J.: 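Have a look at this one before I ask anything.
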Amino acid sequence: MRTPFVLLGIVILTMIYGPVVVVAGLLGVKEKRRGIYQGGMHAWCRGICRISGVELVVHNPERMSEDEGHVYIANHVSWYDIFALASIIPRYTWIAKAELRKLALCGRAAEAAGIVFIDRDNRKAAFEAYRHAAEDVKRGRSVIICPEGTRGRDYHLRPFKKGPFVLAIASQTAVIPTLIHGTREVMPKGSFFIRPGVVNIHFLEPVPTAGYTYDDRTQLMEIVWSRMAGEMERLYSVHTAEHAVAPEGERKE
């Protein structure tokens with residue numbers, strides 16, 4: 001019975017915060033630390049977690065920073081990954097698929113707030129979007145990316161796409177590998193039923209990118225993937241048999 005109330009709550013929260021962000025964008029309000037866009041996104045996502053009965057447990061929060069930008073690389077099994085991360089990470093933007101821009105008020109508000117949309121079928125446009133996001137990171141705004149590309153049905157780590165690591169190298173800032181566990185139990189892929197639960201967010205040791213070049217993107221990706229897969233197995237006994245890189249013919253950067 002929780003699901004209808006949560007959906008109603010999401011509509012109400014969107015009607016409250018969405019117009020504020022959209023109007024701010026139309027008026028040319030600049031993005032800044034603890035500004036209206038960040039405040040709106042934080043409040044919206046925290047509200048959704050609260051009405052859904054989601055308790056967030058954050059491990060190693062000291063690895064987050066609002067004084068400088070980072071690239072957060074996270075696994076992805078549920079829409080609640082987004083709500084959880086966007087509730088706690090300071091001053092961020094997202095890399096999101098272009099289809100989400102079409103979601104009426106949500107899409108317009110996300111665009112006004114600076115969410116970076118990419119067309120995954122247009123490699124050139126996607127890399128241009130990554131380039132713009134890298135400039136955002138240099139200016140102190142972190143970016144959150146789920147490099148598996150879409151939600152998985154379980155917690156084993158799937159192959160990563162390379163584009164996010166090109167962004168990280170272009171920004172020359174640290175990558176923070178981020179594990180999320182518990183969101184699948186709240187709302188798994190393919191289900192519309194929402195259940196209360198505990199979500200654990202682990203910020204792993206940052207991986208520096210200083211000195212890396214475009215040609216090192218695969219190496220950086222493999223380091224981050226291996227660290228995340230290893231910690232997922234150590235913490236939750238989830239063994240990943242796949243490899244960091246998708247097989248030939250299946251890759252889309």
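In what follows, residues are counted from 1 in the order of the sequence shown. Only a predicted model underlies this, so the values are computations on that prediction, with no experimental measurement involved. Side chains included, hydrogens not; waters and symmetry mates left out as well; all remaining heavy atoms used.
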J.: Atom CD1 in Ile36, atom CD in Glu31: separation rounded to 0.5 Å?
T.: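 It comes to 12.0 Å.
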J.: Is any NZ, NE, NH1 or NH2 atom of the basic residue among Glu185 and Arg195 found under 4.0 Å from an Asp or Glu carboxylate oxygen of the other?
T.: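 Result for this pair is no, no salt bridge flagged.
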J.: Does Leu179 form a side-chain contact (heavy atoms from CB on, under 4.5 Å) with Ile201? I'd like the steps, not just the answer.
T.: CA-CA 6 Å; Leu179 287 184; Ile201 301 174; over 6 Å; no
J.: Between Phe165 and Val224, is any pair of side-chain heavy atoms under 4.5 Å apart?
T.: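 In short, these two side chains touch, coming nearer than 4.5 Å.
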J.: Calculate, to the nearest 0.5 Å, the distance between atoms CZ and CD1 belonging to Phe203 and Ile176 respectively.
T.: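 Phe203 CZ to Ile176 CD1: 7.5 Å, rounded to 0.5 Å.
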J.: Looking at Gln172 and Tyr212, would you say the former's side chain and the latter's main chain have a donor-acceptor pair under 3.5 Å?
T.: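 Yes, the answer is positive, given that a donor and an acceptor are paired below the 3.5 Å cut-off.
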J.: Which heavy-atom pair separates Arg151 from Gly190 by the least distance, and what is that distance?
T.: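 Arg151 and Gly190 have their closest heavy atoms at NH1-N, 4.5 Å.
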J.: Is there a donor-acceptor contact under 3.5 Å from the side chain of Arg184 to the main chain of Arg153?
T.: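 Between the backbone of Arg153 and the side chain of Arg184 there is a qualifying donor-acceptor contact (under 3.5 Å).
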J.: Got a donor-acceptor contact below 3.5 angstrom from the Glu148 side chain to the Phe160 backbone?
T.: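 No; zero donor-acceptor contacts below 3.5 Å.
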J.: Tell me yes or no: between the side chains of Lys162 and Thr218, is some donor less than 3.5 Å from an acceptor?
T.: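 Distance-only check passes for Lys162 and Thr218.
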J.: Could you walk me through whether Val207 and Leu220 pass the side-chain contact (heavy atoms from CB on, under 4.5 Å) check?
T.: CA-CA 8 Å; Val207 179; Leu220 177 63; 3.7 Å; yes
J.: Taking the six-membered ring for Trp and the single ring otherwise, decide whether the centroids of Tyr92 and His42 are under 6.0 Å apart.
T.: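 Judged by ring-centre distance (under 6.0 Å), Tyr92 and His42 do meet the cut-off.
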J.: Shared ILVMFWY cluster between Leu8 and Val54, side chains joined below 4.5 angstrom?
T.: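 Per the 4.5 Å side-chain linkage, Leu8 and Val54 are co-clustered.
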J.: side-chain contact (heavy atoms from CB on, under 4.5 Å) for His181 and Leu235? Distances and angles first, verdict last.
T.: CA-CA 10 Å; His181 191 275; Leu235 293 167; over 6 Å; no
J.: At what distance, to the nearest 0.5 angstrom, does OG of Ser171 lie from CZ of Arg131?
T.: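 Here the rounded value is 13.5 Å.
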J.: Verify, without hydrogens or angle tests, whether Ser142 (side chain) and His70 (backbone) share a donor-acceptor contact under 3.5 angstrom.
T.: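 The answer is yes, because a donor-acceptor pair under 3.5 Å joins these two groups.
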J.: Evaluate the side-chain proximity of Val198 to Val57: yes if any heavy-atom separation is below 4.5 Å, no if none is.
T.: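 Of all side-chain heavy-atom pairs linking Val198 with Val57, at least one is under 4.5 Å.
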J.: Quick one: does any side-chain atom of Ser78 pair with a main-chain N or O of Pro188 as donor and acceptor, under 3.5 Å?
T.: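 Not a single qualifying donor-acceptor pair exists.
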J.: Can you check whether Ile73 reaches Pro177 side chain to side chain, under 4.5 Å on heavy atoms?
T.: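 No, their side chains stay 4.5 Å or more apart.
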J.: Around atom NZ of Lys189, are there more than 12 heavy atoms from other residues, nucleotides or ligands closer than 6.0 Å?
T.: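 Above 12, so yes.
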J.: Return the minimal non-hydrogen interatomic distance between Cys49 and Ser87, and the atom names on each side.
T.: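 Of all heavy-atom pairs spanning Cys49 and Ser87, the closest is SG-OG, 3.8 Å.
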J.: Please round to the nearest 0.5 Å and tell me the distance separating atom CZ of Arg34 and atom NZ of Lys32.
T.: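 If we round to the nearest 0.5 Å, Arg34:CZ and Lys32:NZ are 12.0 Å apart.
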J.: Locate the shortest heavy-atom distance separating Ala84 from Val199; write the atom from each residue and the value.
T.: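 Where Ala84 meets Val199 most closely, the heavy atoms are CB-CG1, 4.3 Å.
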J.: Check whether Asp154 reaches the backbone of His156 with its side chain - one donor and one acceptor, N or O, closer than 3.5 Å.
T.: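 Flag set: sc Asp154 to bb His156 pair under 3.5 Å.
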J.: Would a single hydrophobic cluster contain both Val29 and Val21, if residues Ile, Leu, Val, Met, Phe, Trp and Tyr are joined by side-chain heavy-atom contacts under 4.5 Å?
T.: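 Yes, it is one cluster - the side chains of Val21 and Val29 are joined through contacts under 4.5 Å.
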J.: Under a 4.5 Å cut-off applied to non-hydrogen side-chain atoms, are Asn60 and Leu204 in contact?
T.: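 A side-chain contact is absent here, since even the closest heavy-atom pair is not under 4.5 Å.
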J.: Hey, could you give me the OG/OH distance between Ser237 and Tyr155, rounded to the nearest 0.5 Å?
T.: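 Answer rounded to 0.5 Å: 13.5 Å.
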J.: Got a donor-acceptor contact below 3.5 angstrom from the Arg50 side chain to the Cys45 backbone?
T.: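 No, the answer is negative, given that no donor and acceptor are paired below the 3.5 Å cut-off.
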J.: What distance do Ile82 atom CD1 and Tyr80 atom OH have between them, rounded to the nearest 0.5 Å?
T.: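 Taking CD1 in Ile82 and OH in Tyr80, the distance rounds to 11.5 Å.
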J.: Would you say Met64 ends up clustered with Leu85 if hydrophobic residues are merged whenever their side chains have heavy atoms under 4.5 Å apart, either directly or through other cluster members?
T.: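 Same cluster.
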J.: Identify the heavy atoms of Pro164 and Pro147 that sit nearest to each other, and give their distance.
T.: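 Where Pro164 meets Pro147 most closely, the heavy atoms are CG-CB, 3.9 Å.
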J.: Going by distance alone, is a donor N or O of one side chain under 3.5 Å from an acceptor N or O of the other, for His59 and Asn200?
T.: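 Judged by distance alone, the side chains do pair up.
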J.: Hydrophobic cluster membership, with links at side-chain heavy-atom distances under 4.5 Å among I/L/V/M/F/W/Y: are Val186 and Leu7 in one?
T.: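 No.
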J.: Answer with yes or no whether the side chains of Thr183 and Asp81 bring together a donor and an acceptor at under 3.5 Å.
T.: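 Checked: Asp81/Thr183 side chains pair up, N/O donor to acceptor below 3.5 Å.
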J.: Is there a donor-acceptor contact under 3.5 Å from the side chain of Thr93 to the main chain of Val143?
T.: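 It does not hold such a pair.
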J.: Less than 4.0 angstrom from a charged side-chain N to a carboxylate O is my criterion; do Asp67 and Arg33 meet it?
T.: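 Here Asp67 pairs with Arg33 in a salt bridge, since their nearest N and O are under 4.0 Å apart.
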J.: Between Glu205 and Arg63, does any NZ, NE, NH1 or NH2 come within less than 4.0 Å of an OD or OE carboxylate oxygen?
T.: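 Judged by the 4.0 Å cut-off on N to carboxylate O distance, Arg63 and Glu205 do not form a salt bridge.
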J.: Whether Arg217 engages the ring of Tyr214 as a cation-pi pair (distance to the six-membered ring centre under 6.0 angstrom, angle to the ring normal within 45°) should be assessed.
T.: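 So Arg217 does make the cation-pi contact.
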J.: Taking the six-membered ring where the residue is Trp, are the ring centres of His202 and Tyr236 under 6.0 Å apart?
T.: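 Yes.
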J.: If every non-hydrogen atom of Asp216 is compared with every non-hydrogen atom of Ile169, which pair is closest and at what distance?
T.: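 Distance-wise, the nearest heavy atoms are C-CD1, 4.0 Å.
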J.: Are Leu13 and Phe83 in one and the same hydrophobic cluster, where Ile, Leu, Val, Met, Phe, Trp and Tyr link if side-chain heavy atoms are under 4.5 Å apart?
T.: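 Linked within one cluster.
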J.: Could you go through Thr240 and Trp225, starting from their C-alpha distance and side-chain angles, then the distance that decides it, and tell me whether this counts as side-chain contact (heavy atoms from CB on, under 4.5 Å)?
T.: CA-CA 10 Å; Thr240 296; Trp225 188 93; 3.5 Å; yes
J.: Between Thr14 (side chain) and Ile10 (backbone), is there a donor-acceptor pair under 3.5 Å?
T.: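 Checked: pair present.
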J.: Mind listing the closest non-hydrogen atom pair of Asn75 and Met228 along with its distance?
T.: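 Nearest heavy atoms, Asn75 then Met228: N-CE, 3.7 Å.
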